[in-house]
Amino acid sequence: MTEKIFRVNMTDLTTSVEAVPAAWAGHGGRGLTSTIVAAEVEPTCHPLGPKNKLVFAPGLLSGTIAANSGRLSVGGKSPLTGTIKESNAGGTSAQFLARCGCKALIIEGQPKGDVWYSLAVTPQGVTISQEKELIGKGNFAVAETLANRLPGKLGLITIGSAGEMRMASANISVKDPDGGLRSHGRGGLGAVMGSKKVKFISIDPQDGKVEIADTEKFKEANRAFAKALVDHPVSKALGQYGTNVLVNIINESGGLPTKNFTLGQFDGHEKISGETMHDTINLRGGKVKHNCHPGCVIQCSQIYNDASGKKLTSGFEYESIWAMGADCCVDNLDQIAEADRLMDDIGIDTIETSVAMGVAMEAGVLPFGDGAGILRILQEDIAKGTPLGRIIGNGAGSVGRAFGVTRVPVVKNQAIPAYDPRSIKGMGITYATSTQGADHTMGYTIATNILGVGGSVNPLVKEGQVELSRNLQIATAAIDSTGMCLFIAFAALDDATCLPALIDLINARFGIALTGDDVVNLGKYILKTERAFNTAAGFTNVDDRLPEFFYTEPVPPHNVVFDFSGEEIDTFWNF
Amino acid sequence: MQLTVKLFAFFRDGRFKEEGREYPAGTKVGEIVADLGIDPDEVGVVMINSLQSSLKATVAEGDNLAIFPVIGGG
């Protein structure tokens with residue numbers, strides 16, 4: 001099936017199917033969303049106005065049988081950061097969009113009035129329908145209602161009440177193979193979808209298939225690639241403990257931000273750890289392993305049941321557990337799981353919202369450790385859009401401004417996630433220089449700073465951190481274009497057969513001859529394209545800095561500050 | 001000498017989470033790993049007193065030794 005650009009204009013409620021411009025042909029995933037946003041969105045536009053666009057793009061390998069290739073990218077200008085944004089998630093929609101022949105889905109314009117719509121994507125194009133029944137409903141109600149209303153197993157992309165209310169930390173949620181939800185979490189693109197009055201997008205690939213230029217070579221490369229993934233010990237540990245295996249090791253390193261970033265270790269770490277979670281899941285008849293999209297061979301997701309054996313949440317991630325747990329001093333994993341489920345339903349970023357709760361705790365809105373209070377605010381304030389709910393739902397920076405708090409862990413107004421940049425300095429460089437605000441996935445130096453994957457760079461010294469973050473950010477931008485889950489990077493960093501097999505997959509898919517250098521150049525191009533957008537939007541190198549308190553408040557147990565000068569940070573861009 | 005040994009993930013299976021243990025002065029981490037019946041090839045990360053270390057390092061009285069298998073996440 002020939003790939004096309006599917007375009008939806010919400011101002012005049014028209015749709016079109018267009019040929020792929022030559023300049024976009026070699027791109028997929030993040031590379032494509034950032035290329036399109038840079039080409040078509042005015043950098044100075046209001047993110048929630050008619051000039052912003054929301055761009056969905058499956059990766060270059062999505063919709064094929066390639067292992068772990070089911071990530072969907074969504075891009076636009078972020079209402080949280082004001083920068084360009086790409087967020088990617090699992091679920092089935094990337095694979096289904098690719099099978100529709102949809103290289104990218106561009107949603108532009110904005111309807112007048114208060115009428116809501118849904119979009120239906122098939123290989124023939126997109127149709128727009130008015131939607132009434134599901135407005136104001138949570139994501140789980142949307143998924144359940146549509147499972148009855150629409151025939152067949154369709155892909156589903158939806159926003160909850162946070163997106164409808166255009167909160168700056170609203171998710172875009174994607175249905176997984178079992179009716180659970182995965183989230184495009186960071187940067188509030190759910191608010192952009194809400195600003196365009198699109199409640200949900202269904203995707204029906206019918207009998208559409210992705211064309212493979214050389215089927216035999218593709219299968220051969222996929223065997224080698226999947227073997228490299230399965231053989232790597234990190235993949236095995238991810239399947240057994242999920243990403244939450246990190247609580248104990250990051251705590252041990254002294255880099256687990258605790259009590260709104262005032263401490264580096266949490267007394268309750270064992271109670272919220274991956275080891276405890278693993279035992280609890282087994283005890284209650286949940287599932288330790290679960291895949292967020294068909295074809296995943298790592299299976300880091302899980303089904304976490306409550307004490308009565310009923311499913312409470314899935315895709316229960318380290319960063320969410322850290323944020324609600326250590327950062328808010330809540331040591332009750334069941335309360336954290338309940339909050340995770342509520343945030344999936346409301347459709348709001350678990351990292352941003354929980355860090356915002358930590359800042360609210362510092363402001364005295366509720367005490368540290370008050371898990372019940374967090375659940376109450378999620379249900380009574382954020383889901384209903386009270387003034388307090390909107391302040392918290394607009395993120396950690398919003399809470400800091402509303403309550404006059406100075407210890408606000410954000411970069412470019414996006415909350416810093418689960419690794420303290422003072423005691424794990426490589427992450428500080430990534431947070432500062434990322435084109436999209438503080439985001440650990442942009443250049444995950446934890447691999448090399450803490451986990452001993454891809455070599456070793458001491459987390460407490462400055463030497464080597466800028467280069468490490470740069471190399472990882474370039475590689476990540478390229479991986480984010482393939483549709484591959486970022487967790488392939490652990491195998492790619494250690495196993496010499498992994499990356500060549502991935503390149504062979506792309507070459508066999510398209511009948512081309514990319515080299516390793518081409519992939520590196522792709523990563524560099526993406527970072528520079530994104531930075532150019534931000535520069536045109538008004539950002540400068542002075543925005544590539546951490547909040548003041550990281551330079552002045554030593555964090556125990558190592559009692560260190562973030563000590564990079566601005567000039568040292570700026571050398572990141574020397575490539 | 002006395003030190004605290006902490007184990008993580010599947011290294012705990014059939015062993016312990018945390019124990020005070022006695023070793024002769026000058027013991028290396030690798031010797032403790034062997035003493036615990038852990039395959040050194042499975043060891044991903046060693047920390048002594050929250051600082052990155054290695055199997056070759058020597059432990060001292062009162063040290064806090066943490067031994068992790070190869071793990072990841074993010």
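Numbers restart at 1 for each chain; the letters A, B, ... are given by sequence-line order, proteins then strands.
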Against chain B, label [X] side chain, backbone, both or neither, depending on which of its atoms sit under 4.5 Å from a heavy atom there.
X	result
A/Glu252	both
A/Pro417	neither
A/Ile446	neither
A/Tyr318	neither
A/Asn449	backbone
A/His278	neither
A/Asn248	both
A/Ser253	both

_Pairs of heavy atoms under 4.5 Å with chain A: top-ranked of B/Ala9, B/Gly44, B/Gly74_ = B/Gly74
_Flag if over 12 foreign heavy atoms under 6.0 Å of NZ, A/Lys271_ = no
*Please say whether more than 12 non-hydrogen atoms of neighbouring residues, nucleotides or ligands are located less than 6.0 Å from CG in A/Asn559.*
yes
_4.5 Å side-chain heavy-atom contact, B/Ser50 and A/His558_ = yes
_I want to check something: taking the side chain as every heavy atom from C-beta on, are A/Glu275 and B/Lys17 in contact at a cut-off of under 4.5 Å?_
no
*Identify which part of B/Phe8 has an atom lying under 4.5 Å from any heavy atom of chain A, answering side chain, backbone, both or neither.*
both
*Heavy-atom distances under 4.5 Å only: say whether B/Val70 touches chain A with side chain, backbone, both or neither.*
both
Can you name the closest pair of heavy atoms from [X] and [Y] and give their distance?
X	Y	answer
A/Ala237	B/Ile71	CB-CG2, 3.8 Å
B/Phe10	A/Tyr241	N-OH, 2.8 Å
A/Ile450	B/Met47	CG2-CE, 4.4 Å

*Highest number of heavy-atom pairs under 4.5 Å with chain B: which of A/Glu270, A/His440, A/Glu317?*
A/Glu270
*In Å and rounded to the nearest 0.5 Å, what is the CZ to CG distance from B/Arg12 to A/Asp279?*
8.5 Å
